[in-house]
Engineer: 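Structure incoming, see below.
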Amino acid sequence: MSYTAGDCYQGIQGLLMNRVVQESAMLETIRKAVLEFTEDYKHPLLERTGPIVSFEPFVASYAPNYFLNTPDDNLDVNKVNSFFLYNNPYVVPAEATTESNSGYNLTFMSFDDIEVLLNIPSVPLYWSRNNNQILIGSMPDNAYNVYMRYQIQHPSTNLPNGFTAATPIMMADSWQEVLEYACAMRLAPQVNLADKKEELHSSLYGDQKFQTSGGIEGAPGLIFQRTSQRNRDQRNTTRRLRLRMGNVG
């Protein structure tokens with residue numbers, strides 16, 4: 001992380017043909033663009049691992065804050081990357097222990113599919129979300145230990161006019177240009193450059209042919225080329241292992 005909201009000013013104004021733009025207007029469009037791009041795309045700087053907590057027996061619905069670290073509890077959970085449940089109570093690893101801390105990830109299931117399990121006490125296998133609550137199915141029949149890996153909402157995006165020039169942008173450096181284009185696109189009508197909005201939109205998301213063909217034809221935009229750190233790592237990583245058995249003599 002090496003740039004702030006203020007570092008985007010020059011790029012935004014350059015895309016707007018150096019028209020004079022109020023700083024407050026730029027900051028608010030930066031906030032809105034950051035909110036949009038961090039809501040769905042994965043950003044490692046916003047990923048967290050929550051504390052190990054216990055399900056309450058016979059309780060199937062939880063506030064998201066129950067699984068979050070304290071500094072994150074005033075922000076929305078934009079993504080749940082994994083939700084791990086221990087088969088037995090968690091034991092802090094030590095040289096003298098033989099505990100394995102084995103377990104498994106809960107699988108996401110849509111709310112309508114998990115409904116029946118919310119009323120049946122058993123070992124949890126699935127999770128879902130509804131009305132800003134985390135739902136667990138089956139309803140836990142014991143105090144199982146669990147923890148969540150998640151992506152939080154970008155700090156300060158939940159507050160109108162919450163950005164300052166010094167606000168750090170918790171997106172990879174390669175996203176700065178994307179952010180500048182998105183802000184310039186939003187600001188163009190405000191500085192009598194409404195015609196330029198479509199040009200900026202095409203540069204960001206691809207030309208009309210690219211958009212209407214689902215990315216099969218046409219020219220892609222800047223955002224199409226942005227990949228997550230996880231995707232880049234996976235290109236150089238074995239994702240599936242095949243066990244080879246030797247000949248038995």
Side-chain angles (χ1 to χ4, degrees), residues 34-160 162 170 228-231 233-234 237 239-241 243:
V34 169
L35 177 62
E36 176 187 350
F37 291 140
T38 57
E39 188 173 50
D40 190 48
Y41 295 97
K42 287 183 178 292
H43 295 281
L45 293 173
L46 297 173
E47 293 179 335
R48 305 284 187 271
T49 298
I52 296 172
V53 297
S54 299
F55 283 140
E56 297 181 30
F58 311 112
V59 175
S61 179
Y62 298 83
N65 288 352
Y66 190 75
F67 306 102
L68 307 187
N69 296 302
T70 302
D72 303 329
D73 60 11
N74 65 334
L75 298 169
D76 288 339
V77 176
N78 282 341
K79 283 181 176 296
V80 175
N81 294 327
S82 65
F83 211 153
F84 192 82
L85 181 145
Y86 291 99
N87 289 325
N88 298 303
Y90 174 77
V91 177
V92 177
E95 292 182 4
T97 185
T98 59
E99 297 291 341
S100 64
N101 285 327
S102 63
Y104 55 90
N105 276 310
L106 300 180
T107 302
F108 178 83
M109 182 180 283
S110 64
F111 174 64
D112 55 335
D113 289 332
I114 202 176
E115 186 81 50
V116 65
L117 298 177
L118 301 178
N119 300 293
I120 301 175
S122 186
V123 179
L125 295 173
Y126 306 102
W127 73 276
S128 188
R129 279 209 262 191
N130 184 63
N131 195 27
N132 201 31
Q133 294 288 299
I134 301 292
L135 305 176
I136 305 299
S138 298
M139 176 193 298
D141 60 354
N142 279 293
Y144 300 99
N145 289 149
V146 296
Y147 69 89
M148 177 192 290
R149 297 189 191 274
Y150 57 93
Q151 179 169 309
I152 60 168
Q153 179 180 354
H154 192 290
S156 300
T157 55
N158 59 331
L159 303 171
M170 301 180 72
S228 70
Q229 181 187 63
R230 183 174 290 101
N231 287 341
D233 290 343
Q234 287 177 344
T237 302
R239 300 181 65 182
R240 178 176 297 178
L241 296 177
L243 183 63

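We number each residue from 1, following the sequence as shown.
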Engineer: Could you tell me the separation between the CE atom of Met170 and the OG1 atom of Thr157, rounded to the nearest 0.5 Å?
Structural biologist: 11.0 Å

Engineer: Scan side-chain atoms only and decide if Ser54 and Asn145 contain a donor-acceptor pair under the 3.5 Å cut-off.
Structural biologist: yes

Engineer: Please give me the minimum heavy-atom distance between Met139 and Leu118, naming the atom from each residue.
Structural biologist: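 Distance-wise, the nearest heavy atoms are CE-O, 3.0 Å.
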
Engineer: CD1/Ile120 to OG/Ser138 distance, rounded to the nearest 0.5 angstrom?
Structural biologist: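 Interatomic distance, Ile120 CD1 to Ser138 OG, rounded to 0.5 Å: 6.0 Å.
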
Engineer: Going through the checks in order, is the side chain to side chain contact (heavy atoms under 4.5 Å, CB included) test met by Phe108 and Tyr126?
Structural biologist: CA-CA 6 Å; Phe108 178 83; Tyr126 306 102; over 6 Å; no

Engineer: Hey, mind stepping through Val80 and Met148 against side chain to side chain contact (heavy atoms under 4.5 Å, CB included) and telling me if it holds?
Structural biologist: CA-CA 7 Å; Val80 175; Met148 177 192 290; 3.9 Å; yes

Engineer: Give a yes or no on whether the backbone of Thr38 and the side-chain of Asn78 come within a donor-acceptor separation of less than 3.5 Å.
Structural biologist: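 Yes, Asn78 side chain to Thr38 backbone: donor-acceptor pair under 3.5 Å.
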
Engineer: On a heavy-atom basis, which atom in Ala60 and which in Pro140 lie closest, and how many Å separate them?
Structural biologist: CA-CD, 4.3 Å

Engineer: Quick one: are Pro64 and Asn132 in side-chain contact, heavy atoms under 4.5 Å?
Structural biologist: yes

Engineer: Specify the closest pair of heavy atoms between Asn81 and Glu47, including all atoms of both residues, with the distance to one decimal.
Structural biologist: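 Closest pair (atom of Asn81, atom of Glu47, distance): ND2-OE2, 3.5 Å.
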
Engineer: Does the side chain of Pro155 reach to within under 4.5 Å of the side chain of Leu46, using non-hydrogen atoms?
Structural biologist: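 When only atoms from C-beta onward are counted, Leu46 and Pro155 do touch, with a gap below 4.5 Å.
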
Engineer: Flag the pair Asn158 / Asp76 as yes when at least one side-chain heavy-atom distance between them is below 4.5 Å, and no otherwise.
Structural biologist: no

Engineer: Do Glu56 side-chain atoms and Ser61 backbone N/O form a donor-acceptor pair below 3.5 Å?
Structural biologist: no

Engineer: Rounded to the nearest 0.5 Å, how far apart are CG of Leu106 and CD1 of Ile136?
Structural biologist: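 So the gap between those two atoms works out to 6.0 Å.
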
Engineer: Which pair of heavy atoms, one from Asn119 and one from Pro121, lies closest together, and at what distance?
Structural biologist: O-CD, 3.7 Å

Engineer: Quick check for you: to the nearest 0.5 Å, what is the distance between Asn130 atom CG and Glu115 atom CD?
Structural biologist: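 Reported to 0.5 Å precision, the distance equals 8.0 Å.
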
Engineer: When the ring planes of Phe83 and Phe67 are compared, do they come out parallel, tilted or perpendicular, using 30° and 60° as the limits?
Structural biologist: perpendicular

Engineer: Would you say the side chains of Asn69 and Tyr150 form a donor-acceptor pair under 3.5 Å?
Structural biologist: yes

Engineer: Return the minimal non-hydrogen interatomic distance between Gln153 and Leu35, and the atom names on each side.
Structural biologist: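 Minimum heavy-atom contact is NE2-CD1, 3.6 Å.
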
Engineer: Answer yes or no: is there a donor N or O on one side and an acceptor on the other, between the side chain of Ser128 and the main chain of Met109, under 3.5 Å?
Structural biologist: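 Between the backbone of Met109 and the side chain of Ser128 there is a qualifying donor-acceptor contact (under 3.5 Å).
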
Engineer: Is there a donor-acceptor pair closer than 3.5 Å between any side-chain N or O of His43 and the backbone N or O of Phe37?
Structural biologist: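 Between the backbone of Phe37 and the side chain of His43 there is a qualifying donor-acceptor contact (under 3.5 Å).
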
Engineer: Is Val53 close to Val146 at the side-chain level, that is, under 4.5 Å between some pair of heavy atoms?
Structural biologist: yes

Engineer: How many angstroms lie between atom CD of Gln151 and atom CG of Asp40, to the nearest 0.5 angstrom?
Structural biologist: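 CG of Asp40 is found 9.0 Å from CD of Gln151.
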
Engineer: Any sub-3.5 Å donor-acceptor pair from Lys79's side-chain atoms to Lys42's backbone N or O?
Structural biologist: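 Side chain of Lys79 to backbone of Lys42: no pair is present.
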
Engineer: Nearest 0.5 Å, please: how far is OG in Ser82 from CG in Asn105?
Structural biologist: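 Rounded to the nearest 0.5 Å, the CG-OG separation comes to 5.0 Å.
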
Engineer: Do Ile114 and Trp127 come close enough that some side-chain heavy atom pair is under 4.5 Å?
Structural biologist: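 They are not in side-chain contact.
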
Engineer: Please work out which of the three classes, parallel, tilted or perpendicular, describes the rings of Phe55 and Tyr62, given edges at 30° and 60°.
Structural biologist: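 Ring orientation, 0 to 90° scale: tilted.
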
Engineer: Kindly give the heavy-atom pair with the smallest separation between Tyr147 and Gly50, and that separation in Å.
Structural biologist: CB-O, 3.9 Å

